[in-house]
Structures are given as C-alpha cells and as structure tokens.
Amino acid sequence: MGSHLPPRPEPQLVLQLAAGALQAQNLEAPGGGLGPEWQVLLGRADALAFGGRLHEALPLYQLASRHQQLRAEQLEKLVECLAQSVRIKEGLPAAGQPAAPREWDVFRCRKCQGFLFEPVSLPCGHTFCKKCLERDRAPEPRCVLCKEAGGAAAGQLLRVNVILSNLLTKWFPCQVKASQLRHEGNLLYKEKKLQAALQKYNEAVSLAPNDHLLYSNRSQINSTLKACEDALHDAETACRLQPYWLKGHLRKGQALANLGKTEEALREFLFCLALDTGNKTAKSEAQKLLLSLFSLIPGNAQEHLPDILQLLSHHSRLKGNLLNSVGSGGTSHNLQRLLKVNVEQKKGFSIQEEPNVTTSGSLRKSIQITESKKDCSEEENKFTSMPESTFLLSEKCSLLKRKCCSEEMRNAEVPCKLMKKDIVDIRENSSGQHIPFEVVDPSDLDCSLCMSQPLTQCTNLGICGAVCHKSTKNLKRPHPMNIPSLHVKYCVAAIVTGGSCKLFYEPVTTPCGHTFCLKCLERCLDHNPKCPLCKEGLSECLAMRKYCKTVLMEELIARYLPEELTERRKIYEEEIAELSNLNKNVPIFVCTMAYPTVPCPLHIFEPCYRLMIRRCMETGTKQFGMCISDPVKGFADYGCILEIRNVEFFADGRSVVDSIGKRRFKVIQHSQRDGYNTADIEYIEDQKVQGQEYAALLILHDSVYDQAYTWFNSLKQALKSRILSHFGPMPAKDPDPQANPNGPAWCWWVLAVLPLENRAQLPFLAMKSLKDRLSGIRRVLAFMSRARAR
C-alpha cells in the first residue's frame, strides 16, 4: 500500500477561513493579502473535499475552472478524496495497512503475482521468481514480505531452488512453458519486436488461460500496437482473475483512456489509488481525466455535479460481473448526457430533454454481451466439453502415493466477448492452480540426507557425519558406536511407515539452491562447511547461524502430505522428549572437573559436542553433565550438571559456552549417542545432621572458612587476580551450612582454585558428608601452608 493520507485539520476551521476569504470584496494579489478569485474558490473546494463534503466541493472546482484554466496537479486533493471515498465504499484497508488475506495460490510469486518461474528461495525463507529478484536488486536488499535483510544484492549470483523447480516442472508443465514464453516475449518487447512478442504471449495464453499476468502484459503489447479493443479485453480478463491487483486496473484504465472512455478510465484510476495511494501513474492519469471532465461540463449544468460525483465513486467489484456498474435507484447517467449536451450546443442543435436512464452504459454493454452469448454458445460448448488439464505424475513408488483431498470445481460463466480470442477456464478458483493434482508422490519431497533404509543396508552417512549422498560408492561402514540413535529410529520407522520419515521436516534451502531438513543440514555443517550435494562453500551461511525454513516447502507438505507430516513430526517430538530427560541418556561432556555454583567456561569445537550443545539449547533444558575421563569406563562415575548461561558462536562454527555448576550426580550406566557420551544418572545430596553433631559442624565450618580465607589472601597478587578473573570472588560464609543440598558455595570455590589433580578432587564431589568434605579441605590447606613455609 501507499503512504498514509495526511492528517485532516479541523474541517470547520478550514471552511470558516475559506468562507471568510470568499466574503472579501476586493481580492488582491498574493503579495497584498488574498489571491485571485479562482484561487480562493479552489482553496475552498479543497477544504470542502478534505472535510468529506464532496458534493459541495465539485461546483466550486467547476467555477474555479471557469475563471482560470486549472492545471492537473491542482486537482490532487480532489483525487485523493475521491480515492478515499472509493476505498471506504469497497471496504479496502486504509493506506499503510495490510490488505485482507486472500486465498493465495501457493505457486505464485508475491512480487509479480504470476506463476513461480525459476523459483529462488531467500535466506529469510520466502521464494520469488529469479527474474523478479534480478530486476529489483538493491545495495541493501530486503524481502518484500518480511522486510528482513538478505534479498538479491547487486552482483549476487541467484540459484534456483532445485526441489521446487523440479516439482513445478513435473506438476505444471504448461504453466512452466507459458512462463518461459512470457519471459521470451518480454525480451522481444524490449527489442521493439512487437508482433513477435505478441505471438509469444498468444502461445503462452493458450497454455495457461488462467494466468492474469499474461493478459496484463499482452494488454500492454496491444496498446503499443494501437489495438485498443484487444488491450481492453485482456485488461478486463486480468482484473476478473485478480480483482484487487493494481497493475491489472492500471492496464484497464489506460486501455479505456485510449478508447476515449474517460469516465470509465477515471473510475479505474481512482480504484488504483484506493488500492495504493502512492501510485504516481494512477494519480497523474486521474488528475488529467478529471480536468478534462470539468472542461467538458457546460456552465449551466452545476445542478448535476453531485450525481456525477456519485457516479465517479461507484465502483462495484465483487458483486456480480465486473463489467456492470449500476447506479442507485433513479440516478441518471448525467455525465454522458451532459457531454452530449455540450457537443450538441457547439454544433448549434436544439436539445430535447431525455428521460432518466436508470442503467449505466457499462450495464447496457453487459446486457448486450449476455444476449450475444446465445450466438456463440455452440463455440463455447466446444471448449467447455474439452477434458480438463491433467498433470502427468510419476508412476514410480506407487506404494508411497496417496490421494489428496480435492474440491469439486464449479463452472462459471464468462462473457463471450472476452472469449473471442481465448477461452478462460475458470472452473478452478481464480488463482488457477489451487488443487493442481489428485495424487502426490511423497518421494518428491524427500530429504536426501535423511535415512530410510534398514540399518544393515544403510549407506547414506550424511546424518552420521560423513557428508555424502546415498548414491556415493565405496563408502566405509561407520563404527556401530558412531551411528546415531536417531539414525536407528528412522531406519526402523521407514520399514513400518513406508518411508515417511524421509519427508522434509523444517526444510531449509541453501544459497546454492539445495534443500535439506534443518537438523540434517546442521549436522553436516558441524563436520564440513560445504553443501552436502554440490560441495559449494557455505561458510557465510554457517557464520549467520540463522536458518529460516523455506515457507513454500512447508506449505506444500502441510497441504498435500498431512499424514506423512504428522508421522514425521511424531518421530521428531519423541526424539526431543527423549533428549529432554535429565535422568536418562543425559549428555556428558568429558573434560575437566566441575563443581556446583562454580563457573565453567568451555571452548566447543568438536562436531559431536557442537551437536550436544545445540540440542541442549533446542530442548530448553540448557543442561548437560561434566565428568573427567576414565581410562576404563570412558568417564568417571561422578560428575556435576552444568547449566548454559550463554553461547557465543564464531563464524567457523566454534563456540564459547558460559556455564555454571548446578547439581552433583552419580553415573548409573554409561552409554553413547550420536558420537558423544551419555549416562543414566542419579543426583546426590549432603546428609544433614542435628543436635551436637550440627553444633560441631558449625565450629568446623567457621574454622575451615577462616583458614581458606587466610590462605587465599596470602597468595601473590598476580595469582589472585587470575583466580578472581576466572572464578570470581570467594563466596561469603553461609549462616547455615546445610541450607544448600550441595553444601556451602565457598567450599566448591576453594576446591576449584586449589592446585589439585582431577583424581584428587573427584572424591570431594562424591562425598555426601559435609563434615568429611570440610575435614579434607582443612588437610589440603594445612599441607599447602607447610609447603609454602618450606
């Protein structure tokens, strides 16, 4: 939509000022106060129109035109107010507000509103024609739908979405061929080869009779060839196929103006401005036509101007045939009558008063068209009896095919006048491809990285880590411990569900034009920043860390494969639920000692741990276990749960994780998942004491705290600064040492900064007695003090 109309001032104030100017007897030049009389009349007319009193404004505009020849741009306020009146009458949204949702066809480009040809998917997930993106290149491109950065920048190579392009070619061969002919015709039109361009569009229309863009462009060619009637027919057809398409109404208005049908052309341009107030072409043409109407109206016909206004603002769109324009009861077609009066007076003929005509000229035209339908009924029956266009679908994978819900298509009548050159099939909806086929092959929407073969036969290692296509030969069999559990689940599910688990889930299209499941692509990029299929570098895509799902692919799957999508989503949700369990199969990072309440920054660079951290964030738990290594079991039997506070990603996929210790745990069972370690765990807590034992514990607690505080303050300043920058200050002494199930925070802080080996620190993590932990810390501090003394 265009820009907002300017805020209206108080109408009464404006009218009073204009009325006062009119009452002045001596009108002076602008330098001496008031201007000429025609300027005052024009100002008052603008004020009345701005206040919504169009019936009072029109006579003043006409009077001003009698005093002084007006210019077209001086009628700008009147045109804006008339467009606003049309917008209100048609129920269109105000300028700047989004239009009401329409039953869009998913296969249309949202830029040109035509059939998608050579579809290109932007990083934001929206898809447009390649030619449209190339035509609208900008230094800082943005998507026209979501306004996000990432459109077609100058010099950027645009790649066609391979999956979508293949689907459109398979499902809509006629539409694809018609779109190709349209682009060929556009090139010929630019080269001034009009007849050759017209021939291309004639062929395209015969292949795609429901494509409004073809009729609109052919209308422009016919206008250039001075075939105004043909141009009008094509423009009317485009408007009928897309009633609220601005370009179609511009074409129609231009064709009507070329035919000398001023009133109807003005109506079209006003409707264009109602759709988009900022359209300069429509505004300029409307001002010129309105000015010509004022010059044709005789001076003694002012009493008819309100009816003219009513006629101009009447623009029925969706109520019956778009060619009809019926005025309110008893309203005469005054404009045509007045124009006739003006012409006859110039010729010197006497004019007799004509009776009121209750039907507009366009309605009479429609009636004539309706009557002429009888003459061409036989010809029309020949076309309507032809079989509907069918879509050749692949017969392979017949067991995987399923029928989609189809809607019964209704027949609609079309005026034969529009059908002389082309028969427009409107048995489908206005978009033309709402239900394009009855049988969809799910294998057309399979991800090349997902695995659907039995585990003993699977050769596609894409999701396992080795980035390759399943057709690749001489692949090495992965070690059983490195095969992801998700792989096993998908392989087994594929046998039961017939392969629905290969269906795209959260499809993402890379800049090279290939589409994969979001999770599959992320897994591959963990190992190699290249496209799994064409090996083109995806470093920029990896650096953005933002993968938007391809909207059109999701719509296709949801619309035509709902059952397969439900099965696919169920598998994914089961996987997420399993990953969210913080007691079974808890991810384990095998690295260093971690303690409750103590920060633990980590540098993540290995692919398996990239995956682990990403899953922790996606599930929302943001937690994983930390254990030290064990030469026999792989990792120790005790560890600490870490909670992720922040993750900072680098352009090459590495990341720095800011985490902090939460709870201690004991490992019940060691295992692995997708290359990283997991464990079934149980959480451990300190055993509380009471009575005399608690009193003795308080004394021990205070004594060890003072000992630790003294030791830390005795360190060199450089060492103290490093400790403080890494671990933060020493926590304060707790009033109740048993308040936290893991014990006082300062104990873990002291253990973290003491220069002990991991094996010496591990027993403290496993202790359930705070007394034993405090005693052990006291012995270590005593040893450190004696060592310093020596």
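Below, all heavy atoms of this structure are taken into account, side chains as well, without hydrogens, waters or symmetry copies.
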Legend entry - Salt bridge present between Glu118 and Lys131 (N-O < 4.0 angstrom): no

Legend entry - Arg673 and Glu575 ion-paired at < 4.0 Å: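 Salt bridge present between Arg673 and Glu575.
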
Inset, instruction - Could you tell me whether Lys111 atom NZ has more than 12 heavy atoms of other residues or ligands within 6.0 Å of it? - result: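 Yes, the 6.0 Å shell around NZ holds more than 12 heavy atoms from other groups.
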
Side-chain donor-acceptor pair present, [X], [Y], cut-off under 3.5 Å:
| X | Y | answer |
| --- | --- | --- |
| Thr621 | Ser580 | no |
| Ser121 | Thr127 | yes |
| Tyr201 | Asn186 | yes |

Any side-chain heavy atom of [X] sitting closer than 4.5 Å to one from [Y]?
| X | Y | result |
| --- | --- | --- |
| Val590 | Ile588 | yes |
| Asn585 | Asn581 | no |
| Pro119 | Phe128 | no |
| Pro529 | Asp652 | no |
| Gln242 | Arg108 | yes |
| Ile641 | Val586 | yes |
| Thr510 | Leu533 | no |
| Leu181 | Leu207 | yes |

Partner set under side-chain hydrogen bond (donor to acceptor under 3.5 Å, both in side chains) for [X], not counting sequence neighbours:
| X | answer |
| --- | --- |
| Asp658 | Arg645 |
| Asp680 | none |
| Tyr505 | none |

Suppose we screen for side chain to side chain contact (heavy atoms under 4.5 Å, CB included). Which residues come up paired with [X], at least two apart in sequence or across chains?
| X | value |
| --- | --- |
| Thr566 | none |
| Gln220 | Tyr189, Thr224, Arg251, Gln254 |
| Leu187 | none |

[atom1]/[X] to [atom2]/[Y] distance, rounded to the nearest 0.5 angstrom?
| X | Y | atom1 | atom2 | answer |
| --- | --- | --- | --- | --- |
| Leu642 | Ser659 | CG | OG | 4.5 Å |
| Leu168 | Gln175 | CG | CD | 9.5 Å |
| Gln113 | Leu241 | CD | CG | 13.0 Å |
| Phe117 | Cys129 | CZ | SG | 8.5 Å |
| Cys112 | Leu133 | SG | CG | 10.0 Å |
| Ile163 | Leu445 | CD1 | CG | 7.5 Å |

Inset, instruction - For residues 604-626, pull every pair meeting ring pair (Phe, Tyr, Trp, His ring centres under 6.0 Å), keeping only residues two or more places apart or in separate chains. - result: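 Qualifying pairs: Phe589-Tyr609, His603-Phe605.
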
Would the distance check show the side chain of [X] and the main-chain N or O of [Y] forming a donor-acceptor pair, the cut-off being under 3.5 Å?
| X | Y | result |
| --- | --- | --- |
| His212 | Thr237 | no |
| Ser165 | Val162 | no |
| His126 | Arg110 | no |

If you compare all heavy atoms of [X] against all heavy atoms of [Y], which two are closest, and at what distance to 0.1 Å?
| X | Y | result |
| --- | --- | --- |
| Pro243 | His249 | O-NE2, 2.6 Å |
| Thr678 | Pro587 | CG2-CA, 4.2 Å |
| Pro532 | Leu521 | CD-CD1, 4.4 Å |
| Gly675 | Cys608 | O-CB, 3.6 Å |
| Thr515 | Phe504 | O-CE2, 3.3 Å |
| Ala679 | Ser671 | N-OG, 4.0 Å |

Inset, instruction - Please test Lys247 against Ser216 for side chain to side chain contact (heavy atoms under 4.5 Å, CB included), starting from the C-alpha separation and ending with a verdict. - result: CA-CA 8 Å; Lys247 190 175 180 180; Ser216 172; 4.0 Å; yes

Legend entry - Non-neighbouring partners of Lys130 that pass salt bridge (Lys or Arg N to Asp or Glu O under 4.0 Å), sequence neighbours left out: none

Inset, instruction - For Arg135, check salt bridge (Lys or Arg N to Asp or Glu O under 4.0 Å) against everything at least two apart and list the hits. - result: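 Expected list: none.
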
Legend entry - Full working for side chain to side chain contact (heavy atoms under 4.5 Å, CB included) between Ile644 and Gln623: CA-CA 6 Å; Ile644 300 173; Gln623 295 185 16; over 6 Å; no

Inset, instruction - List the steps and the verdict of side chain to side chain contact (heavy atoms under 4.5 Å, CB included) for Phe649 and Ile613. - result: CA-CA 11 Å; Phe649 292 97; Ile613 295 299; 5.5 Å; no

Inset, instruction - Check ring pair (Phe, Tyr, Trp, His ring centres under 6.0 Å) between Tyr676 and all other residues, then give those that pass, not counting sequence neighbours. - result: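 For Tyr676 there are no ring pair (Phe, Tyr, Trp, His ring centres under 6.0 Å) partners, ignoring immediate neighbours.
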
Inset, instruction - Determine, for Tyr572 and Arg569, whether the Lys NZ or Arg CZ falls below 6.0 Å from the six-membered ring centre while staying within 45 degrees of the axis. - result: no

Inset, instruction - Write out all pairs satisfying salt bridge (charged side-chain N to carboxylate O under 4.0 Å, His left out) with one or both partners inside residues 157-168, taking only residues at least two apart or from two chains. - result: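 Qualifying pairs, neighbours excluded: Arg159-Glu536.
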
Inset, instruction - Using the salt bridge (charged side-chain N to carboxylate O under 4.0 Å, His left out) rule, collect all pairs that involve residues 172-187, keeping only residues at least two apart or in two chains. - result: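 Salt bridge (charged side-chain N to carboxylate O under 4.0 Å, His left out) check on residues 172-187 returns Glu184-Lys200.
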
Legend entry - Candidate pair Trp245 and Leu213, rule side chain to side chain contact (heavy atoms under 4.5 Å, CB included), full reasoning: CA-CA 10 Å; Trp245 187 44; Leu213 195 59; 3.5 Å; yes

